[in-house]
A.B. asks: 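Okay, handing you the structure first.
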Amino acid sequence: MPEGPSILILRERLVPFIGRTVQDAAGRAALDFGRLRSRRLQDIRSWGKHLLLAFDGFSLRIHLLLFGSCLIHDRKDGDGEDTATPTPTVSLRFAGGGGIDFKAASARWIEGDLDAAYDWSADVLSPHWDPQAAQAKLRARPGELACDILLDQSIFSGVGNIIKNEVLFRALVHPLSHIGALPDTHVSQLVAQARDYSFDFLEWKRRNVLKRHWQVHERTTCPRCRHALAPVRRIGKRRRRSFHCGRCQRLYGTPAPG
DNA sequence: TAACATGTTACGGT
DNA sequence: AACCGTAACATGTT
């Protein structure tokens with residue numbers, strides 16, 4: 001589930017619940033669930049990997065982290081006799097039937113207006129995405145590595161490890177490149193591809209054909225030069241798996257010692 | 001089937 | 001104080 005496009009798809013599946021009233025809420029999250037009772041779900045939005053259920057004056061922020069999932073019960077489903085399964089992080093039941101269970105998620109309140117809490121221009125899938133602002137943020141952090149900065153949610157909200165690997169390949173930038181050593185053309189390539197690939201991801205995920213379109217992620221051969229990809233390693237300060245071609249993806253700047 | 005992964009946060013140590 | 005590394009969390013897939 002977890003990268004930005006998957007959250008956008010999840011949001012769409014949940015749209016039918018907008019306007020309905022929460023009858024009961026429970027779960028293992030340390031939240032005052034009573035706050036949700038009898039409240040009307042006013043809107044559902046997303047910001048990158050954050051799913052935002054908006055109520056009057058506050059919102060419930062759901063983050064599926066690495067393993068999270070969402071189970072939707074429609075009106076005709078029984079009230080869920082899932083006795084064997086563990087308690088969801090958040091379980092919502094709506095008046096008139098149906099509900100939503102979030103499992104293995106992070107849940108917290110966002111107080112007040114979501115527009116005050118979130119910078120929508122940082123969301124790569126948002127109509128408010130601002131590539132100029134993203135480029136300026138990159139230029140302000142010349143010491144960062146390309147593989148780390150693409151995962152920075154304050155710059156590329158919604159980008160996860162799969163998107164990171166594919167974007168670096170499309171831009172022909174080695175993951176260990178230093179941002180400060182990248183030519184302008186490549187900085188703008190990274191920014192442009194972060195959005196473009198995210199929309200491709202979205203479309204392929206919708207059609208259930210995402211994996212077959214991966215160029216480097218979980219692959220062993222470079223589709224461009226036909227040589228073997230670099231051995232899979234965890235690199236950068238985030239220690240995430242990197243799939244890249246050592247020949248096609250150019251290294252800018254001196255690699256860190258070690 | 002055991003191992004691993006599309007992620008973030010909290011914490012202790014320096 | 002700011003930064004670093006590691007642990008902790010928990011489910012679905014192969």
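Each chain gets a letter, A, B and so on, in the order its sequence line appears, and its residues count up from 1.
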A.B. asks: Under 3.5 Å, is there a donor-acceptor pair between the A/Trp120 and A/Asp115 side chains?
C.D. replies: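 The answer is yes; a qualifying pair exists.
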A.B. asks: Determine the contact category for A/Lys164: base if any of its heavy atoms lies under 4.0 Å from a base atom, sugar-phosphate if only primed atoms, P, OP1 or OP2 are that close, otherwise nothing.
C.D. replies: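 Contact class for A/Lys164: none.
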A.B. asks: Where the side chain of A/Ile162 is concerned, which of B/dA5, B/dT6, C/dT11 is the nearest nucleotide?
C.D. replies: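 For A/Ile162, the side-chain atoms sit closest to B/dT6.
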A.B. asks: Going by distance alone, is a donor N or O of one side chain under 3.5 Å from an acceptor N or O of the other, for A/Ser59 and A/Arg61?
C.D. replies: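 A/Arg61 and A/Ser59 do not have a side-chain donor-acceptor pair below 3.5 Å.
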A.B. asks: Centre of A/Tyr197's six-membered ring, under 6.0 Å away, within 45 degrees of the axis: is that where NZ or CZ of A/Arg170 sits?
C.D. replies: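 Output no; distance or angle outside limits.
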A.B. asks: Assign each of A/Thr87 and A/Lys211 to its nearest nucleotide of DNA chain C by heavy atoms, then name whichever residue's nucleotide is nearer the 5' end.
C.D. replies: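 It is A/Thr87, whose closest nucleotide lies nearer the 5' terminus.
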A.B. asks: If you look at every strand shown and take non-hydrogen atoms under 4.0 Å, does A/Arg241 touch a base, only sugar-phosphate, or nothing?
C.D. replies: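 It contacts sugar-phosphate atoms only.
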A.B. asks: When you get a sec, tell me which of C/dT11, B/dT6, B/dT8 is the closest nucleotide to the side chain of A/Ala104?
C.D. replies: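 Looking only at side-chain atoms, A/Ala104 lies closest to C/dT11.
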A.B. asks: Any luck finding a side-chain donor-acceptor pair between A/His73 and A/Asp101 under 3.5 Å?
C.D. replies: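 Indeed, the side chains of A/His73 and A/Asp101 share at least one donor-acceptor pair under 3.5 Å.
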A.B. asks: Please determine if a side-chain N or O atom of A/Arg240 lies less than 4.0 Å away from the OP1 or OP2 oxygen of B/dG7.
C.D. replies: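 For B/dG7, OP1/OP2 do have a side-chain N/O of A/Arg240 under 4.0 Å.
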A.B. asks: Map A/Leu65 and A/Lys103 onto DNA chain C by nearest heavy atom, then report which one ends up closer to the 5' terminus.
C.D. replies: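 The answer here is A/Leu65.
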A.B. asks: Quick one: A/Lys205 NZ to B/dT6 C1', roughly how many Å, whole number?
C.D. replies: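 Spelled out: NZ on A/Lys205 to C1' on B/dT6 is 8 Å.
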A.B. asks: Can you tell which of B/dA5, B/dT8, C/dT14 lies closest to the side chain of A/Arg234?
C.D. replies: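 Ranking B/dA5, B/dT8, C/dT14 by closest atom to the A/Arg234 side chain puts B/dA5 first.
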A.B. asks: Grab the stems for DNA chain B, please: at least three consecutive Watson-Crick or wobble pairs, both distances below 3.5 Å, written as range with range.
C.D. replies: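 The stems that DNA chain B takes part in, listed by first number, are B:2-5 with C:11-14, B:7-14 with C:2-9.
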A.B. asks: Tell me the closest heavy-atom pair linking A/Lys49 and A/Val159, and the distance in Å.
C.D. replies: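 Minimum heavy-atom separation between A/Lys49 and A/Val159: NZ-O, 2.9 Å.
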A.B. asks: Specify whether A/His50 and A/Tyr118 have parallel, tilted or perpendicular ring planes, treating 30° as the upper limit for parallel and 60° as the lower limit for perpendicular.
C.D. replies: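 Taking A/Tyr118 first and then A/His50, their aromatic rings stand perpendicular (interplane angle over 60°).
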A.B. asks: Choose from B/dG7, C/dG12, B/dT9 the nucleotide whose nearest atom is closest to any side-chain atom of A/Pro2.
C.D. replies: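 Side chain of A/Pro2 sits closest to B/dG7.
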A.B. asks: Taking atom P in both B/dC4 and C/dA7, what distance in whole Å separates the two?
C.D. replies: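 About 15 Å, rounded to a whole number of Å.
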A.B. asks: Hey, what's the ring geometry for A/Phe156 with A/Trp129, parallel, tilted or perpendicular (30° and 60° as the breaks)?
C.D. replies: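 It falls in the tilted class, 30° to 60°.
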A.B. asks: Return the nearest nucleotide to the side chain of A/Lys49; candidates are C/dT11, B/dA5, B/dT8.
C.D. replies: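 Given the options C/dT11, B/dA5, B/dT8, the side chain of A/Lys49 is closest to B/dT8.
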A.B. asks: Indicate, with a heavy-atom threshold strictly under 4.0 Å, whether A/Arg108 touches base, sugar-phosphate, or nothing.
C.D. replies: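 Touches nothing.
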